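Below is a structure I'd like to ask you about.
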Amino acid sequence: MELVDAPHSKCGTFGFVGSSPTAPTPLMQTYKRLPISLVKGQGAWVWDDKGKKYIDAVAGIATCTLGHSDRKLRKALINQLRKIQHVSNLYQIPEQEELAKWLIKKSCADSAFFCNSGAEANEAAIKLARKYGHKERQIDRPVILCANGSFHGRTLAALSATGQEKYHEGFKPLVEGFAFFKFNDSASFQELHDQIEANGPRIAAVLIEPIQGEGGIRPGNKKFFKLLRDICTKNKILLIFDEVQSGMGRTGRLWGYQNLEVEPDALTIAKGLGGGHAIGALLVKNNANIFEPGDHASTFGGNPFACRAGLTIAKAIEERNLLEETLSRGKQLREGLQSIVKDHLDHLEEVRGIGLIQGLVIKNQSDLTSQIIVEEAINQGLLIISAGQKVVRMVPPLVITKRQVDFIIDRLSKTLVNII
Ligand SMILES: *Cc1c(COP(=O)(O)O)cnc(C)c1O
């Protein structure tokens, strides 16, 4: 029997009135996909279906902490599948408790809630902030302050917290209760704060990335973050860090906030936590630990399989010295990128980043775009990703080797020579 047969319509007429004239596709057109199909991986190498090999500086968008097909992760997950995969949060889950204990021991937080993605972790944080505002500051309609250029995810509240207009287009009305200041700009923050609090408490929380990722790889400024901490502490406002991309060792420290010497009251994590498997978490300090039974939930969140992935990544970070490795490889990558900038001063501006999240910034006046570079890099056997139109992002697996970093630099040089 044919499941997919001649293009007769399931909706009466072929296509919808007013829809685009292109033929329907089995997948919704939410992504502009590159024309390669990756079918195999090993560490920081991946292969497409034609057998072409690439060095992977994308790592599933900063998720594949141990690269691809890691032997220990594979074994741990197969063993977990043999035992039990999912039970729901109706029951106690030892793997979840063990992972929570590790995260708490290794961070400033005291307690964890598990979900499945970055956006969901931020949704949990936003709900937490609102409850905190009502309860601790007696605010009727709490406001959360966020930064321009931020990225917090695609669900409606996370999208509303995202300070980039291009993501909002077509989806208004957004969720109310968010206001924006300029990232790393103390005056802008102070002004927004004073304006909103002019007639008494209205701010529940500040939600911010310690290093902006999608927004163009912008590390937070220590002085600015200290100001945020001071104002939040003084006024009993929650300071929440979105560490979905910066957490789990990406910057060469376990948490991005360690680079800023400021601790948040809560943080959200996801990308690197599962090494490519879906898991996210909201971590809170005691003062922000205000959810009660019934306040929040997730069917899949923190199931034994996902937590086994997280536990295996946690163990690998410790046992394989991945933080130190990330610092050394990050330094090497950064120096390589800086030498590339020197070779192309007409087009390239600078290198921004910490550890193994690095951005190559294209000059505004250059007609180069990150997309042009990403596409040519594929021909050169290099996978990279953009962070906005003018920044090329590199977020390779934390297990990348010295020779592989050299390879990235070599391929990126060839890529640029070909298109400049
Ligand atoms: C990727 C990302 C998110 C969204 O995570 P999803 O898992 O795609 O929902 C949120 N915040 C930051 C900082 C991110 O980099």
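Everything quoted here is computed from the prediction, not taken from an experiment. Both counts, for ligands and for their atoms, begin at 1 and track the order of listing.
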Enclosure of E165 CD (heavy-atom neighbours >12, cutoff 6.0 Å):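 Yes, CD of E165 has more than 12 neighbouring heavy atoms, counting only those of other groups under 6.0 Å.
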Ligand 1 to V244 polar contact by distance, N or O atoms, under 3.5 Å: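 No, V244 has no N/O under 3.5 Å of an N/O on ligand 1.
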Check: Q164/N148 side-chain N/O donor and acceptor closer than 3.5 Å: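 Short answer, no.
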Proximal candidate to atom 14 (C) of ligand 1 [heavy atom criterion; set Q245, K271, E214]: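 Heavy atom nearest to atom 14 (C) of ligand 1 belongs to K271.
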Pair F225 and F241, ring centroids less than 6.0 Å apart: yes
Numbered atoms of ligand 1 (with element) below 4.0 Å of N122, judged on heavy atoms: 10 (C), 11 (N)
Atoms in ligand 1 with a heavy atom of A119 nearer than 4.0 Å: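 Listed by number with element, the hits are 4 (C), 5 (O), 6 (P), 9 (O).
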Side-chain H-bond candidate by donor/acceptor type, N289 with D110, under 3.5 Å: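 No, because no side-chain N or O of N289 sits under 3.5 Å from a partner of the opposite role on D110.
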Numbering as shown, the atoms of ligand 1 that approach E209 to under 4.0 Å (heavy-atom distance):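 Within the 4.0 Å cut-off of E209, ligand 1 contributes 13 (C).
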Parallel, tilted or perpendicular, as decided by the 30° and 60° cut-offs, for the rings of F113 and H296: tilted
D242 neighbourhood, listing ligand 1 atoms whose heavy-atom distance to it stays under 4.0 Å: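 Matching atoms, with element in brackets: 10 (C), 11 (N), 12 (C), 13 (C).
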CD/Q389: more than 12 non-hydrogen atoms of other groups inside 6.0 Å: no
Ligand-side contact atoms (ligand 1) for residue partner S117, heavy atom cut-off under 4.0 Å: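 Taking each heavy atom of S117 in turn, ligand 1 has 7 (O), 9 (O) under 4.0 Å.
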Distance from atom 6 (P) of ligand 1 to nearest protein heavy atom, with residue and atom: G118 N, 3.5 Å
Partners meeting side-chain hydrogen bond (donor to acceptor under 3.5 Å, both in side chains) with Y54 (sequence neighbours left out): D48
Per-atom contacts of ligand 1 with H152, taking only distances under 4.0 Å to non-hydrogen atoms: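 That gives atoms 10 (C), 11 (N) of ligand 1.
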